[in-house]
S.K.: 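Here you go, one structure.
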Number of protein chains: 2
Amino acid sequence: MARTSTRQEDGSVGATLNMSAFERLRADILQGVIAPGEKLRIEALKSRYGIGASPLREALNRLSALHLVEKIDQRGFRIALISHETLVELAMTRCWVSEIAIRESIRAGDAAWEESVVLAHHRLKRYHETSIGPDPEWEALHRQFHFALIAACPSHWLREFHETLFDLADRSRHIAVLHDRSTRDVAGEHQRIVDAVIARDVSGAIALLNQHFRITADIAISAIEPQFPPQTVE
Amino acid sequence: MARTSTRQEDGSVGATLNMSAFERLRADILQGVIAPGEKLRIEALKSRYGIGASPLREALNRLSALHLVEKIDQRGFRIALISHETLVELAMTRCWVSEIAIRESIRAGDAAWEESVVLAHHRLKRYHETSIGPDPEWEALHRQFHFALIAACPSHWLREFHETLFDLADRSRHIAVLHDRSTRDVAGEHQRIVDAVIARDVSGAIALLNQHFRITADIAISAIEPQFPPQTVE
DNA sequence: GCTGCTAATTTAATCGATTATTTTCTCCCG
DNA sequence: CGGGAGAAAATAATCGATTAAATTAGCAGC
């Protein structure tokens, strides 16, 4: 039943059901549609996505390698949990990885890269100014902005790892967003980051990005904190 | 046909065939038993490992997320290629990642960690001295040594990424080893690294590790260089 | 001899059914 | 009334068969 199309009825783009399942699951996880810790029963997923067990399991296996899903032998899959410790560790890791990535991107980036940063920032800023509150379009622009910053880093492994971490952070941000979002000057943070990057100020850019990530983490932490001690299971 | 055993007849340890396939494939790739660029036909793998298509494909999906295998839509899987550019980029990435990992490991490591480094190094050195040439036992000790160095880095994501890169480098080293290995003073390199780490000399440790990785890469590069321009396919 | 087209063959992707494990439920005992 | 032992139900893992796609082979026309 492999489809030849590159676009399924449901909006996913993969040429194979495996790809399609991967993209849809990833999207649902990142959006928080499926909650952290939730058990993923194959039968449930089959009827939810209308995709058979094999491509689903293949997709889940890949997602587990990206830490979005936890795979437990003989016990299936569950959405990766989010805990205080996880969020702290994630923030640290993002700071460290982006430290390298931004440094090397600034080092290797040429004029064209610099322009693409300005452009990505402009697009994000413009959209942010004309619209209120978060939405998928803003999310996409925000992601593109952060990727533009480190796009000149010559290691695709590092860029990809950066994206993996971004995904994890994005997920917790989406879940936290339901909670709080007002008091943050995201636009200002982005502006200062761009300024530092354009000025080729490596340590300034690192410091600002670190702060950016820590604020994100703090919001997420305070969003899960009010809850009672984390239950292991749903 | 899932087995309940934790150890298959063939020496792999996974409780599921998926795990078993993953481990065996990974081992064969790292050992260079399956050559870079080689096409992985499911039927061939089925008879080779005596495992069905489903667990094999699931394992391959995970290996592709770790960059050991390349997954191409509708066209199956192949072992990741090794090229000059790949090796250079890999060496860079390892340097950068280990820069962070060793820094944070030294920062966070306590006395127990320090002892585990000394111990891992001793085991490696002892084995190295009593035996000549590379073998699986030495490989394991070498790996453990490098993991011990960064074991105190508090980010499990970073440690895992470090391992992923180690795997990739190990593979090319194994393939290159058939070529050349004599002129290198690995033991000396390790000794200097340990000395710097124990002295909590962050920049020294970084420099030495960088050199260590670059030498590894250079050997691998010179091993593939003599060949004619890389053929796209086997 | 080379190019491009179609048919045959191989291979990848996926499904439906089967087997093995885990989980849940019951019921009995202390 | 808690604590299992064992049966029943649910779920995960896997196989064998099927379908779709890519590749190869064969051939016609230039």
S.K.: Quick one: which of C:dC15, C:dT11, C:dA13 gets closest to the side chain of A:L17?
M.R.: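 Looking only at heavy atoms from C-beta outward on A:L17, the closest nucleotide is C:dC15.
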S.K.: Which one, D:dT11, C:dA12, C:dA13, comes nearest to the side chain of A:K39?
M.R.: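 The answer is D:dT11, which lies nearest to the side chain.
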S.K.: For the pair made of NZ in B:K46 and P in C:dA13, what is the distance, rounded to whole Å?
M.R.: 14 Å
S.K.: Rounded to the nearest angstrom, tell me the gap between atom CD in B:E58 and atom C1' in C:dA12.
M.R.: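 Result: 15 Å.
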S.K.: Separation of B:D73 atom CG from D:dT23 atom P, in whole Å?
M.R.: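 Value for this atom pair: 13 Å.
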S.K.: Assess the pair A:H142 and A:H121: is the distance between their ring centroids shorter than 6.0 Å?
M.R.: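 That pair fails the under 6.0 Å test.
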S.K.: Nearest to the side chain of B:P55, which nucleotide is it out of D:dA21, C:dA12, D:dT14?
M.R.: D:dT14
S.K.: Should B:K39 and B:E70 count as an ion pair when the cut-off is N to O under 4.0 Å?
M.R.: no
S.K.: Drop me the distance from A:F147's CZ to A:E163's CD, to the nearest 0.5 angstrom.
M.R.: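 Reported to 0.5 Å precision, the distance equals 4.0 Å.
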S.K.: Ion pair present between B:E99 and A:R103, side-chain N to carboxylate O less than 4.0 angstrom?
M.R.: yes
S.K.: List in numerical order all residues of residues 61-72 of chain A for which some heavy atom is under 4.0 Å away from an atom belonging to DNA chain D.
M.R.: A:I72
S.K.: Round to the nearest Å and state the distance from A:R75 atom CZ to C:dA20 atom P.
M.R.: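 My rounded result for the distance is 18 Å.
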S.K.: So B:L40, base contact, sugar-phosphate only, or nothing? Heavy-atom distance under 4.0 Å.
M.R.: sugar-phosphate
S.K.: Rounding to an integer number of Å, can you tell me how far A:L56 CG sits from C:dC15 C1'?
M.R.: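 Answer to the nearest Å: 12 Å.
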S.K.: Parallel under 30°, tilted from 30 to 60°, perpendicular over 60°: which one fits the rings of B:F166 and B:H146?
M.R.: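 Tilted, since the angle between the ring planes falls between 30° and 60°.
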S.K.: Checking B:T216 against B:R184: is there a side-chain donor and acceptor pair closer than 3.5 Å?
M.R.: yes
S.K.: Is the distance between the ring centroids of A:H156 and A:H162 under 6.0 Å?
M.R.: no
S.K.: Nearest-Å distance, CZ (A:F77) to C1' (C:dT21)?
M.R.: 15 Å
S.K.: Atom CD of A:E43 and atom P of C:dT23: how far apart are they, to the nearest Å?
M.R.: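 Going from A:E43 (CD) to C:dT23 (P), I get 17 Å.
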S.K.: Rounding to a whole Å, what distance do you find between A:R57:CZ and D:dA12:C1'?
M.R.: 6 Å
S.K.: Which listed nucleotide (D:dA13, D:dA12, C:dC15) is nearest to the side chain of B:T16?
M.R.: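 Of all the options, the side chain of B:T16 is nearest to D:dA13.
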